[in-house]
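Quick notes on the structure that follows.
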Protein chains: 2
Amino acid sequence: MKGLGELERSIMDILWAQSTALTAREVGRLIADRDLAPTTVMTVLDRLTRKGFLHRTRDGRAWRYAPAATRDAYVAELMLEALDMTGDRSAALTRFAQAVSGPEAEILRRALTELEDE
Amino acid sequence: MKGLGELERSIMDILWAQSTALTAREVGRLIADRDLAPTTVMTVLDRLTRKGFLHRTRDGRAWRYAPAATRDAYVAELMLEALDMTGDRSAALTRFAQAVSGPEAEILRRALTELEDE
DNA sequence: ATGCGTGCTCGACAGGTCGTAGTACTACGC
DNA sequence: GCGTAGTACTACGACCTGTCGAGCACGCAT
């Protein structure tokens with residue numbers, strides 16, 4: 001997987017926060033603080049689609065964009081990808097476990113316990 | 001933190017695999033399969049140093065390069081960085097836990113348990 | 001049918017990163 | 001003093017990302 005640029009991430013954030021698919025225009029309105037040309041938004045939306053981060057469906061003449069995966073899935077995938085980079089996965093995992101702060105360690109522990117129960 | 005390019009990663013891999021600090025020449029010899037100009041190796045070593053991935057110390061006229069951190073620390077940091085990207089950390093963590101394969105879940109579980117004991 | 005607005009696709013350009021390397025300067029040993 | 005090893009500086013092409021403009025298509029109101 002490829003990483004995302006600054007603007008690409010902002011746009012993904014907007015779409016992830018939304019429950020419905022949005023048009024380029026709508027995304028542009030939501031990202032108004034940056035005062036971008038409409039074509040800029042369209043281009044980025046297009047690139048994100050090409051990269052597989054978004055799906056789009058027709059809505060009249062316009063496209064409506066929605067995330068291809070949830071943000072959590074994306075984040076988890078990034079984490080796994082990082083993990084793949086090491087030769088010694090268990091060392092990295094151990095290290096990671098140690099680095100996770102208390103409450104989050106608890107969350108992890110619980111998720112792992114549930115796994116075990118299934 | 002920034003990501004690493006292809007060659008940068010290869011060189012980090014070499015240095016991570018080594019227990020002693022190496023000179024540019026030595027690194028070049030170890031990466032011989034790619035038949036790079038010596039200056040190429042030096043440049044990359046230099047960039048890695050500037051980016052903070054390596055430390056270097058003088059050895060006569062030459063520099064001797066060593067990783068600034070272990071690979072595991074680097075990987076763990078990447079994973080945490082990915083985690084920071086989400087709004088809902090616990091969802092991402094849960095997702096991650098589910099994605100980790102059996103034996104690795106076991107490793108994680110054990111690391112977390114040890115944490116708890118301290 | 002004409003023209004305006006909306007939306008699309010293509011192409012482009014600038015700034016940054018990365019792989020790759022040449023050149024020019026320096027210091028050490030023989 | 002000269003060759004060699006090693007450095008620093010500079011460069012260049014490819015690719016990525018942010019940012020748009022130009023030009024084309026379509027539908028609605030006049």
Side-chain angles (χ1 to χ4, degrees), chain A residues 1-16 20-68 74 78 81-82 85, chain B residues 1-16 20-68 74 78 81-82 85:
Chain A
M1 206 190 350
K2 275 300 305 161
L4 298 176
E6 178 92 18
L7 177 55
E8 291 176 333
R9 188 129 64 202
S10 301
I11 287 186
M12 285 308 292
D13 276 342
I14 286 177
L15 287 167
W16 270 322
T20 60
L22 300 182
T23 63
R25 172 161 296 263
E26 289 164 342
V27 171
R29 211 170 290 133
L30 288 176
I31 210 182
D33 41 326
R34 301 189 53 165
D35 194 34
L36 298 170
T39 48
T40 301
V41 177
M42 285 190 214
T43 300
V44 174
L45 249 8
D46 210 50
R47 301 219 261 237
L48 286 170
T49 304
R50 206 167 317 214
K51 289 191 203 171
F53 288 98
L54 299 177
H55 282 148
R56 64 184 197 177
T57 51
R58 277 287 178 195
D59 177 9
R61 275 165 294 151
W63 291 105
R64 214 159 255 289
Y65 295 86
Y74 172 58
L78 277 187
E81 207 175 285
M85 241 186 52
Chain B
M1 207 190 349
K2 274 303 302 165
L4 297 176
E6 179 92 17
L7 176 56
E8 291 177 332
R9 188 129 62 204
S10 302
I11 288 187
M12 285 307 294
D13 277 342
I14 286 177
L15 287 167
W16 270 321
T20 60
L22 300 182
T23 64
R25 171 161 297 262
E26 289 164 342
V27 171
R29 212 169 292 132
L30 288 175
I31 209 181
D33 41 326
R34 302 190 50 165
D35 192 37
L36 297 169
T39 49
T40 301
V41 177
M42 286 191 213
T43 301
V44 174
L45 249 9
D46 209 51
R47 299 217 263 240
L48 286 169
T49 304
R50 206 169 315 213
K51 290 192 201 171
F53 287 97
L54 299 176
H55 280 149
R56 64 184 196 176
T57 52
R58 276 288 177 194
D59 177 10
R61 277 165 293 152
W63 291 105
R64 215 158 255 290
Y65 296 85
Y74 171 58
L78 277 187
E81 207 175 286
M85 241 185 55

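In what follows, chains carry the letters A, B, and so on, assigned in the order in which the sequence lines appear, proteins first and then strands, with residues in each chain numbered from 1.
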*asked:* Does D:dC20 have OP1 or OP2 under 4.0 Å away from a side-chain N or O of A:Thr40?
replied: yes
*Can you find a pair of side-chain heavy atoms, one from B:Leu4 and one from B:Leu48, that are under 4.5 Å apart?*
yes
*If you check the B:Arg61 side chain, which of C:dT23, C:dC18, D:dA5 turns out closest?*
D:dA5
*How many Å lie between CG on A:Asp59 and C1' on C:dT6, as a whole number?*
13 Å
*Which part of the nucleic acid does B:Arg25 contact within heavy-atom distance under 4.0 Å: base, sugar-phosphate only, or nothing?*
sugar-phosphate
*Using whole Å, report how far CZ of A:Phe53 lies from C1' of D:dC16.*
13 Å
*From C:dT6, D:dT17, C:dC8, pick the nucleotide closest to the side chain of A:Ala62?*
C:dC8
*C:dC18 P sits how many Å from B:Leu45 CG, rounded?*
15 Å
*Looking across every strand, which nucleic acid part, if any, lies under 4.0 Å from A:Arg56 by heavy atom: base, sugar-phosphate, or nothing?*
sugar-phosphate
*Specify the separation, in whole Å, of atom CZ of A:Arg9 and atom C1' of D:dT17.*
13 Å
*Could you check how far CD of B:Glu6 sits from P of D:dA14, rounded to whole Å?*
18 Å
*Is there a side-chain contact between A:Thr40 and A:Arg34, using heavy atoms and a 4.5 Å cut-off?*
no
*asked:* On DNA chain D, does the nearest nucleotide to A:Leu36 precede the nearest nucleotide to B:Trp63 from the 5' side, or the other way round? Give the residue.
replied: B:Trp63
*Ion pair present between B:Asp46 and B:Arg50, side-chain N to carboxylate O less than 4.0 angstrom?*
yes
*Remember a base hit wins even if backbone is also touched, and classify B:Thr43 as base, sugar-phosphate or nothing at under 4.0 Å, heavy atoms.*
base
*Would you kindly check whether a donor in the side chain of A:Arg58 faces an acceptor in the base of C:dG7, or vice versa, at under 3.5 angstrom?*
no
*Using atom CG of A:Leu48 as one end and atom P of D:dC16 as the other, report the distance to the nearest whole Å.*
14 Å
*Between C:dC25 (P) and B:Met42 (CE): distance, integer Å*: 17 Å
*Check whether any side-chain heavy atom of B:Val44 sits under 4.5 Å from a side-chain heavy atom of B:Val27, and report yes or no.*
no
*With the side chain of B:Ala37 defined as its heavy atoms from C-beta on, choose the nearest nucleotide among C:dT9, D:dG6, C:dA21.*
C:dA21
*Among C:dC18, D:dT17, D:dA8, the one nearest A:Lys51 by side-chain distance*: D:dT17
*Can you find a side chain N or O atom of A:Arg34 that sits less than 4.0 Å from OP1 or OP2 on D:dT19?*
yes
*A:Glu8 vs A:Thr39, nearer the 5' end of DNA chain D by closest nucleotide*: A:Glu8
*How about B:Asp33: does its CG atom have over 12 heavy atoms from other parts shown lying under 6.0 Å from it?*
yes
_For a 4.5 angstrom cut-off between non-hydrogen side-chain atoms, does B:Tyr65 reach B:Leu22?_
no
*Integer-rounded Å distance: D:dC20 C1' and A:Asp46 CG*: 14 Å
*asked:* Over all strands shown, is B:Gly28 touching base, sugar-phosphate only, or nothing at heavy-atom distances under 4.0 angstrom?
replied: nothing
